[in-house]
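Report on the following structure.
Because only heavy atoms are used, hydrogens play no part in the values below, and waters and symmetry mates are left out as well, while side chains stay in.
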Amino acid sequence: RPAFGFTGGGNVSAQFGFHRGFDLYWSNGRDQSDPAAADHLFARAISHLSDHPFSRAFYFLQTYHVHAPYQPAANLFLQTPQSQAIGKIDFQADLGGIRGIFTPRPREFVETAVSLYDSEIVAFDSAFGAFLAALKARRLYDRATIVLLSDHGEEFRGVLYLV
């Protein structure tokens, strides 16, 4: 069976050996800074499935979509409880990077950060739903085994205890 990997790069890039065993391993080096990363990932996978109609194949799809910086589309941000957008959260500037994640923040900042994060989850859910609909339209869904995993949620560490 052929195996294909489409990833956001970073910690699962070929430079760390993750490409081994795949017939094709594609990485998007801009995934983490792309507000539509999941849309692009799933569109690429559907395009590949359409161009290569294998009866059996393995696809590994990975994205950093729900990851800082949070830059959700305005219509998705408005679906969350907090509607006073600050635009995005910059991990270095707003949170102080790794060394600053335990620094307490004002309640309003925390609520906005959590709302932006929640909005990114809504965006990913929308993209994943469209991917599943595309599989159904191509009559691949009923024959597929789909495993959805997350390595962690966003921690916000010391930021969240103020909520």
Side-chain angles (χ1 to χ4, degrees), residues 1-80 82 85-95 97-98 101 112-156:
R1 289 183 197 144
F4 308 103
F6 297 94
T7 79
N11 294 328
V12 292
S13 67
Q15 81 180 55
F16 298 115
F18 283 94
H19 67 290
R20 293 183 193 127
F22 287 93
D23 297 292
L24 169 69
Y25 198 79
W26 176 85
S27 291
N28 176 5
R30 298 178 312 230
D31 186 88
Q32 192 168 340
S33 62
D34 181 359
D39 292 319
H40 296 148
L41 173 77
F42 294 130
R44 183 172 288 272
I46 288 298
S47 175
H48 190 269
L49 280 164
S50 297
D51 293 344
H52 304 88
F54 295 102
S55 59
R56 299 182 97 179
F58 173 80
Y59 280 80
F60 171 71
L61 310 177
Q62 180 272 338
T63 182
Y64 290 100
H65 184 106
V66 184
H67 205 284
Y70 311 122
Q71 304 173 83
N75 65 318
L76 297 176
F77 186 73
L78 296 175
Q79 294 178 27
T80 63
Q82 170 63 280
I86 60 172
K88 68 178 182 176
I89 298 291
D90 183 287
F91 186 69
Q92 285 296 92
D94 298 324
L95 298 178
I98 292 293
I101 61 175
T112 300
V114 170
S115 190
L116 285 166
Y117 176 69
D118 289 347
S119 299
E120 291 289 6
I121 293 171
V122 170
F124 177 85
D125 286 352
S126 176
F128 188 63
F131 174 68
L132 295 179
L135 291 178
K136 289 175 183 178
R138 288 165 177 74
R139 297 183 180 203
L140 297 171
Y141 181 83
D142 290 335
R143 298 184 300 137
T145 299
I146 300 168
V147 180
L148 176 64
L149 300 172
S150 172
D151 64 342
H152 64 84
E154 203 64 275
E155 293 138 11
F156 293 106

Quick one: pull up CZ in F131 and CG in L61 and give me the separation to the nearest 0.5 Å. 5.0 Å
Nearest heavy-atom neighbours spanning Y64 and D31: N-OD2, 2.6 Å
Measure the shortest side-chain to side-chain distance between L135 and D142 over non-hydrogen atoms and say whether it is less than 4.5 angstrom. no
Is any side-chain heavy atom of N11 closer than 4.5 Å to a side-chain heavy atom of F18? no
D34: which residues meet the side chain to side chain donor-acceptor pair (under 3.5 Å) condition with it, sequence neighbours left out? H40
Between D23 and A3 (side chain of the first, backbone of the second, donor and acceptor by atom type, cut-off under 3.5 Å), is there such a pair? yes
Rounded to the nearest 0.5 angstrom, the CZ-CG distance for F6 and L41 is 8.5 Å
Any donor-acceptor pair under 3.5 Å from S126 side chain to V122 backbone: no
What's the verdict on side chain to side chain contact (heavy atoms under 4.5 Å, CB included) for F22 and F58, showing C-alpha distance, side-chain angles and the deciding distance? CA-CA 9 Å; F22 287 93; F58 173 80; 3.9 Å; yes
Taking all heavy atoms of L140 and all of R143, pick out the closest pair and write down the distance. CD2-NH2, 3.0 Å
From H65 atom NE2 to I121 atom CD1, the distance as rounded to the nearest 0.5 Å: 10.0 Å
Measuring only between side-chain heavy atoms, which start at C-beta, is I46 closer than 4.5 Å to S50? yes
Mind checking side-chain contact (heavy atoms from CB on, under 4.5 Å) for A14 and listing every partner two or more places apart, or none if nothing turns up? H19, Y25
What I'd like to find out is whether the side chain of W26 reaches to under 4.5 Å of the side chain of H48, using heavy atoms alone. no
Would you indicate whether Y141, at its atom OH, is surrounded by more than 12 heavy atoms from other residues, nucleotides or ligands within a distance under 6.0 Å? no
Atom CZ of F124 and atom CG of D39: how far apart are they, to the nearest 0.5 Å? 10.0 Å
